[in-house]
Engineer: 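Sharing a structure here in structure tokens format.
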Amino acid sequence: MHFHPLTDADKDEMLKEIGVSGFNDLLQGIPSVLRHPKLDIPAGLSEFEVQNLLKERLGLNQSQSDLLSFLGGGSYDHFIPSAVAQIISRNEFYTAYTPYQPEASQGTLQTIFEYQSLISELTGLDVANASHYDGATAVAEAVLLALRHTGRSKILVSSSLHPHYRQTIRTYLKGTPYIMQEFAFDENGQFSREDFMKHLDPQVGGAIFQTPNFFGVVENLMGVSESLHEAGALLIMASHPLSLSVFKSPGEWGADVAVGEGQPLGLTTQYGGPYLGYFAVARSLMRKIPGRLVGITQDSKGRRAYVLTLKAREQDIRRERASSNICTNQALCALTACVYMTLMGTLGIREVAEINLDRAYYLRAEISKLPGFHVNVNLPIFNEFVVRSDKPFARISEILKSHLILPGINLDEFYPEMKNHFLVCATETKTKGDLDRYVEALSQC
Amino acid sequence: MLISTDSRTSFEKSKPGRRGATLTSSRCLDYQPVQKISESLLRKQVLLFPELTEPEAVRHFVSLSKKNYSIDTQFYPLGSCTMKYNPKVNEWAAGLDKFSALHPFQPEETVQGMLSIFYDLEQYLKTITGMDAFTLQPAAGAHGELTGIMLVRAYHNATGQGHRSKVLVPDSSHGTNPASAALFGYRVVELKTNDRGRVDLEVLLENLDDDTACLMLTNPNTLGLFEEDILEITKQVHSKGALLYYDGANLNPLLGIARPGDMGFDIVHLNLHKTFSTPHGGGGPGSGPVGVKKRLIPFLPLPVLEKTAAGKFTWNKDAPQSIGRVKSFYGNAGMLLRAYVYIRSLGLEGILKCSEGAIVNANYLRKKLKKYFPVAIDETCMHEFVLTLKFATNKGIHAGDIGKRLLELGFHAPTVHFPLVVEEALMIEPTETESKETLDEFIEAMIAIAREIEEDPKVILDAPRNLPIARPDEVLAARKPILSYRDLVREKALQSDGVSVS
């Protein structure tokens, strides 16, 4: 086995040194009834056999390279510069451990510091952590933060928050004294201000708004942070990170916490993970933020040094009194996002958002011209929007399949009242030709 | 110079107008949509990103990478972290377009290959651990623990035992164990381990009652010792109606040798980034699949992967007793794929070589080092063992200092000051992918350090001298947190104004 360097001679010599006559002597502490179970594992394969197996297995898939995809809904097909994959493939990055030894981890630590800085810029909030598992878990941890911080029992979420995020929050709160309540959205998919205010009572510790929301609609949050703060509650916001170079940042809306899915920042869609959750807070919540933080300090010679800091919040020190049980973050994914944002720069990060707007607005306008398909062309969106069809979505999906197109996400799976509604996403990776091909295929339905 | 001394951030290397990526200039519309959007929705805040060309950015990050130790460049005897080699074919597989370009909302019929891999991986993990079912959802070990604790609660609630409010953990456990239990309102009781570093049956029985929800255990424990009374422990815990949770962080030495399922554990989490060779990535992404015994299957998180009679794979999103969804989509798929590739590469024979190599390497190191450093519990160990540096404290030397000296000598430090039950602990886990030659070099270095403790402690206390930084001032970092580039700019401005910020 080419990963295991001990030769038989090595082993014999080492066992002799240890003072035992054979390997099994080292297992004496294990009750004999437990020892050497029969495992049902196939025989090992050589590397090229493994490669053939993988090609065969994965060959059964059709990916977004084979199909023209208009899928979004929390995972997006964005352009990724080639340099990103090259850099994160540096062995010194991807085979390093958590940077517990700062002297031997300045590379990882500095990139996390830069990542924190970039997330802080995007969200307009002071302090970003080193990343969380993904959008859903980051949102769920933000809920716990808000409820613990305020000592309240209720969290409000808009029903237009990503269904997976709501489901995850529900899981995290099950069996705790905390509850989640949803407030409604209107016929345009925008949150209902009236219903929100109706739910806002003295038990509310925070409210979560997603913008653009799950339907792709950019929300107007005028007055929301004021209402929440007046009620002693926190505003938590979740956004597509690339939208934030154009649309008002969580900081500008007065948010206390900004969390969300970081996958659009240079990560492939890779069947849903690994992604990363970004997590930023206002300075007043700095000591409540879960997960790792990297800060700048000096070494004993007065040179700049990057270190993990404010560790007193964490499980390895605080154990049952920690602010969260999180241990590892998604460091390599945070590095990916950091490299992506650095390559994009101030100009590129704005331009990519503008191209998303161009593609989505164009596609929506073209679909609006098709008989049998309905969209609201007046809503502010970023890169996705809802289409209502007169025909069943299953049929549209079937027809578009023959055109090698994935038309979008069926919404009635998540909102049973939204029969034949689907969510369509167009990012900068789509050309005008792609969009026209999609509209042409829809017109044949 | 091989390693740059430049510690400037990308922001400090920026020049306005530069960029590192090109996008298209083609537009579909003859107007800019932002002009149609209400001003009140648009960002006015300045967005300060670094501006670098591609070659500048690449040089920036590549020179940063050289400031890291990694398993591909150094020996990493980091106890409980299982820093084994990450086979490159794993990375090759994860880079394939037929995986990386899969969207999680694609119709099931377009991802059957992927799902077949998940399904097979579940079967392999089941047979390796002796459990009846697995979920691949949890994103990391700690996330697996959280899922496990949710399963405990769901099971007790469903069986009319919702009053159980206590979780027992040994005082040698990983910090995530008590943290995960406490996060969901359980009262955590720490069990003092006996003088052989194991669960003390008497202490266990004193604390075990009808209020106990579960016992969380690592086996082998963090001292690298197998819990010899494990069958009695699980019997006692079950007799009180409580469950047993297995923290799989230390599974590596048991591969093919013993199974937590056979020991009587009800719930198991694995760390694919430890035992199953997926890269640590500088601190994630991990992956923490959870396995359960039959009676807990109805509570597993959603969605649940199923194989139909026709041999098709499908996600079941509707199991009435499930704890629900624990994250978006389907777990850290990229890590699951790598673990699958690893298991197929090793096969049964290779898997047995892992545990054998891990145990032989650890005992060899222990035996060689014990002449120079006391071993906390000097018995046959499994994959790791713990040295104590208590004897050196009168020279002003602590376990952490040995770690720093090792860094200087080109080895990553062992885990220091953990487990908490050993004073001045140095926890060493070599893994099976290290050669005898590497271990011998490490032994030589440790022998030299033992001599230095006696003869020249200063050389240890001043280490490291040959790395990008010397020891950092962690107190300053926490007292005056600089957590972003903006913080740094503010701090610099204050300094140049002569304002004291201490």
Side-chain angles (χ1 to χ4, degrees), chain A residues 1 5 10 14 29 34 40-41 43-44 57-58 60-65 71 81 87 90-92 94-96 98 103-104 106-108 117 120 133 136 164 167 171 268 271-274 295-297 299-300 304-305 309 315-316 319-320 322 325 327-328 330-332 343 345-346 357 361-362, chain B residues 7 19-21 28 33 37 49 51 61 64-65 67-72 98 100-105 110 112-113 127 139 142 175 178-180 182 188 226 258 279-285 324-325 328-329 332-333 347-348 350 353 363-364 435-436 467-470 472 476-477 482 484-485:
Chain A
M1 173 40 71
D10 285 338
M14 292 164 87
L34 294 175
D40 187 13
I41 300 276
R57 283 293 183 95
L58 293 176
L60 300 171
N61 298 333
Q62 285 175 294
S63 78
Q64 292 183 106
S65 303
L71 298 171
I87 289 167
R90 286 286 301 189
N91 308 50
E92 300 91 330
Y94 85 88
T95 75
T98 303
E103 298 89 345
Q106 285 297 291
T108 294
S117 304
S120 170
Y133 305 133
H164 287 177
Q167 289 162 7
T171 303
T268 60
Y271 203 52
I296 286 185
T297 185
D299 76 353
S300 57
R304 182 189 290 182
T309 193
Q315 51 77 26
D316 47 340
R319 297 176 71 84
E320 68 271 19
N325 81 326
C327 182
T328 44
Q330 302 277 108
L332 197 69
L343 287 165
T346 310
L357 284 161
Y361 272 73
Y362 172 76
Chain B
S7 58
R19 56 189 296 170
C28 301
I37 295 169
F49 268 31
E51 297 181 76
F61 287 111
L64 282 180
S65 74
K67 297 185 180 185
N68 268 3
Y69 275 16
S70 68
I71 194 65
D72 283 352
K98 289 276 191 192
S100 65
L102 292 182
H103 191 285
F105 277 127
T110 64
Q112 287 295 308
T127 186
S180 300
V188 176
F226 192 88
H280 280 73
R325 180 179 280 285
S328 298
F329 309 121
N332 277 345
L348 184 56
K353 282 224 175 341
N363 279 289
Y364 177 71
S435 65
K436 180 172 177 295
L467 289 175
I469 58 163
L476 175 70
I482 299 173
S484 69
Y485 178 59

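Order of the sequence lines fixes the chain letters, A, B, ..., with proteins taken first and strands second; residue numbering starts at 1 for each chain.
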Engineer: Just say parallel, tilted or perpendicular for the rings of His164(A) and Phe105(B), cut-offs at 30° and 60°.
Structural biologist: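 Correct class here is tilted.
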
Engineer: Counting heavy-atom pairs under 4.5 Å to chain B, which of Ala43(A), Ser63(A), Ser120(A) comes out on top?
Structural biologist: Ser63(A)

Engineer: Under a 4.5 Å cutoff for heavy-atom pairs, which residue among Gln112(B), Arg19(B), His103(B), Lys353(B) has the most contacts with chain A?
Structural biologist: His103(B)

Engineer: Quick check on Arg90(A) against chain B: is it the side chain, the backbone, both or neither that has a heavy atom closer than 4.5 Å?
Structural biologist: side chain

Engineer: Considering non-hydrogen atoms only, spot the tightest contact between Ala470(B) and Ser300(A) and give its length.
Structural biologist: CB-OG, 3.3 Å

Engineer: Any heavy-atom pair between the side chains of Ser65(A) and Lys98(B) that's under 4.5 Å?
Structural biologist: no

Engineer: Counting only non-hydrogen atoms closer than 4.5 Å, does Phe226(B) touch chain A with its backbone (N, CA, C, O), its side chain (CB onward), both, or neither?
Structural biologist: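 Contact with chain A is through the side chain of Phe226(B) alone.
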
Engineer: Select, from Ala477(B), Cys28(B), Ala333(B), the one with the greatest count of heavy-atom pairs under 4.5 Å involving chain A.
Structural biologist: Cys28(B)

Engineer: If you count heavy-atom pairs within less than 4.5 Å of chain A, which of Ala258(B), Gly324(B), Gly113(B) leads?
Structural biologist: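 Most heavy-atom pairs within the cutoff with chain A belong to Gly113(B).
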
Engineer: Taking every heavy-atom pair that is under 4.5 Å apart, which of Ala136(A), Gly44(A), Ala104(A), Gly345(A) has the most such pairs with chain B?
Structural biologist: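 Between Ala136(A), Gly44(A), Ala104(A), Gly345(A), the count favours Ala104(A).
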
Engineer: Ser100(B) side chain to Thr268(A) main-chain N or O, any donor-acceptor pair under 3.5 Å?
Structural biologist: no

Engineer: Provide the closest heavy-atom pair for Asn68(B) versus Glu92(A) in the form atom of the first, atom of the second, distance.
Structural biologist: ND2-O, 3.0 Å

Engineer: Under a 4.5 Å heavy-atom cut-off, does chain A meet the side chain of Leu476(B), its backbone, both or neither?
Structural biologist: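 It is both, since atoms from each part get that close.
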
Engineer: Let's go through Tyr133(A) and Asn332(B) carefully: what are the C-alpha distance in whole Å and the side-chain angles of both, what is the deciding distance for side-chain contact (heavy atoms from CB on, under 4.5 Å) to 0.1 Å, and is it a yes or a no?
Structural biologist: CA-CA 9 Å; Tyr133(A) 305 133; Asn332(B) 277 345; over 6 Å; no

Engineer: Minimum heavy-atom separation for Lys436(B) and Asp10(A), please, with both atom names.
Structural biologist: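 Here Lys436(B) and Asp10(A) meet closest at CD-OD1, 4.0 Å.
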
Engineer: Between Leu60(A), Leu332(A), Asn61(A), Thr297(A), which residue shows the highest count of heavy-atom pairs closer than 4.5 Å to chain B?
Structural biologist: Asn61(A)

Engineer: Indicate whether the side chain of Asn91(A) and that of Ser70(B) have a donor and an acceptor atom separated by less than 3.5 Å.
Structural biologist: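 No, no side-chain donor-acceptor pair sits under 3.5 Å.
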
Engineer: Which region of Ile87(A), side chain (C-beta onward) or backbone (N, CA, C, O), has a non-hydrogen atom less than 4.5 Å from a non-hydrogen atom of chain B, or is it both or neither?
Structural biologist: side chain

Engineer: Search all heavy atoms of Pro468(B) against all heavy atoms of Gln106(A) and return the closest pair with its distance.
Structural biologist: CB-CG, 4.4 Å

Engineer: So which heavy atom on Leu357(A) is nearest to which on Ile37(B), and how close?
Structural biologist: CD2-CD1, 4.2 Å

Engineer: Taking every non-hydrogen pair under 4.5 Å, which of Ser65(B), Pro33(B), Gly350(B) racks up the most with chain A?
Structural biologist: Ser65(B)

Engineer: Between atom CG of Asn363(B) and atom CE of Met14(A), what is the distance when rounded to the nearest 0.5 Å?
Structural biologist: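 Interatomic distance, Asn363(B) CG to Met14(A) CE, rounded to 0.5 Å: 9.5 Å.
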
Engineer: May I ask you to decide if Thr127(B)'s main-chain N or O and Asp40(A)'s side chain share a donor-acceptor pair within less than 3.5 Å?
Structural biologist: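 It does not hold such a pair.
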
Engineer: Looking only at heavy atoms, which two atoms of Ala305(A) and Ile469(B) are closest? And how far apart?
Structural biologist: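 It is CB-CD1, 3.7 Å.
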
